[in-house]
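Comments concern the structure below.
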Amino acid sequence: MLDIKLLRDQADHVRQRLATRGAGDEKFVDEVLALDDQRRKAVKEVEDLKAERNRSSKEIGALMGQKKLAEAEAAKVRVREIGDKITALDKQVAEVEASRDAILMRLPNLPHASVALGKDAADNPTIRTWGEKPTHAFKPKNHVELCQSLKLIDFERGTKLSGSGFLLYTGWGAKLERALISFLLDLHSTEHAYHEVSPPYIVGEHCMVGVGQFPKFRDQAYAVQEGNDASTMGKLYLLPTAEAPVANIHRDELLAESQLPVRYVAYSPCFRAEAGAAGLGTRGMIRVHQFDKVELIKIVKPEDGYAELETLVGNAEKVLQLLGLHYKVINLCTGDMGFASAKTYDIEVWAPGQNQYLEVSSCSNCEDFQSRRMNLRYKRESDGQNILPHILNGSGTALARLFVALVETHQQADGSILIPEPLQPYLKAERIA
RNA sequence: GGAGAGAUGGCUGAGUGGUUUAAGGCGCACGCCUGGAAAGCGUGAGUAGGCUAAUACCCUACCUGGGGUUCGAAUCCCUAUCUCUCCGCCA
């Protein structure tokens, strides 16, 4: 959520930055400001009335103490009228405030000044590349063929169980998935000093609101219901990313400055309805309803936010370097950025069998956009002020696509997969054949 | 799932309709004291909104959330959530 004070003080700036996203949200700024103005006028009025009621009620108490009952009764009648006005005005304030916040909650974050202007993915500048596209002395197979020939995934039976977009990992496929998860958790918790956590996979609505998934992207989530009790429907949701629970760990807390920076790493499966998304229904692992991911979350002082974003991307890149996978880092342009983010780097890994780059990580600084939504602050030591920290998230990394890049890159002419050396202790094998 | 008891500030803990401006204690910050500490003594300190040049004053709200009764609610009523105890079920 954007700071209402920023909209009041720098409306033109907010409009201009929102416009760079190309979604037309800038037109809502005036609407928010009008409602805000309306709210403040009503608040002033009702608070003055409340002050008067408080004074009068005290006087009534004193009159009753002195047994001046007739005077007290007369005063009660007067104050009751004030009370009726207050009731009506309170309701009005609540309504106006709800209208204002409903719009505010749907406004995306402002892109950071360093983000490239652009319309869509075609305008995303490449920041750097690592390694090169591997050259195979044979025509590389795609992951679907490899998974079938090595029996890593049973696509048909996955679909039989849960419909299209769900995977049944089998044998070495299941072991490889498990090995990757352990490898990633160990790398980030040991080498990169993230604190490992394992969150619930079902979260309350307030967590989804906190990270900015709701209210705007409600249709992308799987809602949960307890048995046939329809009243429980939508109180809880399957998480679309571990960001939802982990970024909310300290919601409604006032942290000490000495607690920062907070860095968490968590594994979770991710569930996405992918309503209306292209690529679902086709066989493969590129776009599915459930995939595994190891997520990195940071809560840091605002002045450290952007330096921390750079190291976050570096931590995710390290995964691909250790696994010997060619990738490029791109910066999402203003028109392609996610709702809550002020600046995002995507990491795209090369998949030879697909002959394309696949997005395996998205690293963002959401600045104080989420901390304001979830009421997370820290007390600054120098002046005792309560400050909204920056919250960052990054995939470190998503697994289904990492799996694809790994098997396609390290496939051999005989159809086997060579396992990169850092992963061998986890899989307890050097080759899948 | 059933029965009962609870939720008060950073922590603890009093308060059952109007001297509560939420006592007392612990902890915290500052000062006095000290060679330096501890102890002791003193002072101060919450969050959000409104009004403001102001992080000054003043006003409003906040005792888990929501709703109600009342001139007036931490206190009475309803409700949701969570915690604890016991019973049942269960990996």
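To find a chain, count down the sequence lines: A is the first, B the second, and so on, and within it residues start at 1.
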Mind checking who [N] pairs with, Watson-Crick or G-U wobble, both distances under 3.5 Å?
N      : answer
B:rU83 : B:rA5
B:rU69 : none
B:rG40 : B:rC32
B:rG17 : none
B:rU75 : none
B:rA61 : B:rU47
B:rA91 : none

Is a salt bridge present between [X] and [Y], judged by a nitrogen-to-oxygen distance below 4.0 Å?
X        : Y        : result
A:Lys76  : A:Glu73  : yes
A:Glu274 : A:Arg287 : yes
A:Lys5   : A:Asp9   : no
A:Glu45  : A:Lys85  : no

Please tell me if A:Arg40 has a side-chain N or O lying less than 4.0 Å from either OP1 or OP2 of B:rG49. no
Using the [atom1] atom as the reference point in each nucleotide, state the distance between [N] and [M] in Å, no decimals.
N      : M      : atom1 : answer
B:rU34 : B:rG25 : P     : 26 Å
B:rU64 : B:rG6  : P     : 14 Å
B:rC86 : B:rC11 : P     : 26 Å
B:rU55 : B:rG17 : P     : 39 Å
B:rG67 : B:rC62 : P     : 11 Å
B:rC76 : B:rU83 : P     : 24 Å
B:rU19 : B:rU60 : P     : 15 Å
B:rA14 : B:rG31 : C1'   : 30 Å

Does a donor on one side chain and an acceptor on the other come within less than 3.5 Å for A:Thr344 and A:Ser364? yes
Would you check if there is a donor-acceptor pair between the side chains of A:Tyr264 and A:Glu243 at a distance under 3.5 Å? no
First encountered from the 5' end of RNA chain B, between A:Arg100 and A:Arg80: A:Arg100
Residue pair A:Val79/A:Lys41 against RNA chain B: nearer the 5' end by closest nucleotide is A:Lys41
Set of residues satisfying ring pair (Phe, Tyr, Trp, His ring centres under 6.0 Å) with respect to A:Tyr267, sequence neighbours excluded: none
With sequence neighbours left out, what residues match A:Phe403 under ring pair (Phe, Tyr, Trp, His ring centres under 6.0 Å)? A:Tyr169
Between [X] ([atom1]) and [N] ([atom2]), how many Å, whole number?
X        : N      : atom1 : atom2 : result
A:Glu81  : B:rU70 : CD    : C1'   : 16 Å
A:His206 : B:rC82 : NE2   : C1'   : 12 Å
A:Asp101 : B:rA48 : CG    : P     : 16 Å
A:Glu71  : B:rC71 : CD    : C1'   : 15 Å
A:Lys85  : B:rC71 : NZ    : C1'   : 15 Å
A:Arg380 : B:rU55 : CZ    : C1'   : 11 Å
A:Arg8   : B:rU52 : CZ    : P     : 11 Å
A:Asn375 : B:rG49 : CG    : P     : 10 Å

How does protein contact run along nucleotides 59-66 of chain B, one letter per nucleotide 5' to 3', with B for base contact, S for sugar-phosphate only, - for none, heavy atoms under 4.0 Å? BBS-----
Going by heavy atoms in the side chains, are A:His195 and A:Val262 under 4.5 Å from each other? no
Closest listed nucleotide, where the reference is the side chain of [X] and the choices are [options]:
X        : options                : value
A:Lys379 : B:rU47, B:rG49, B:rG18 : B:rU47
A:Asn386 : B:rC71, B:rU47, B:rG50 : B:rU47
A:Lys58  : B:rC71, B:rU21, B:rG49 : B:rU21

With sugar-phosphate meaning primed atoms plus P, OP1 and OP2, does A:Arg377 contact a base, only sugar-phosphate, or nothing at under 4.0 Å between heavy atoms? sugar-phosphate
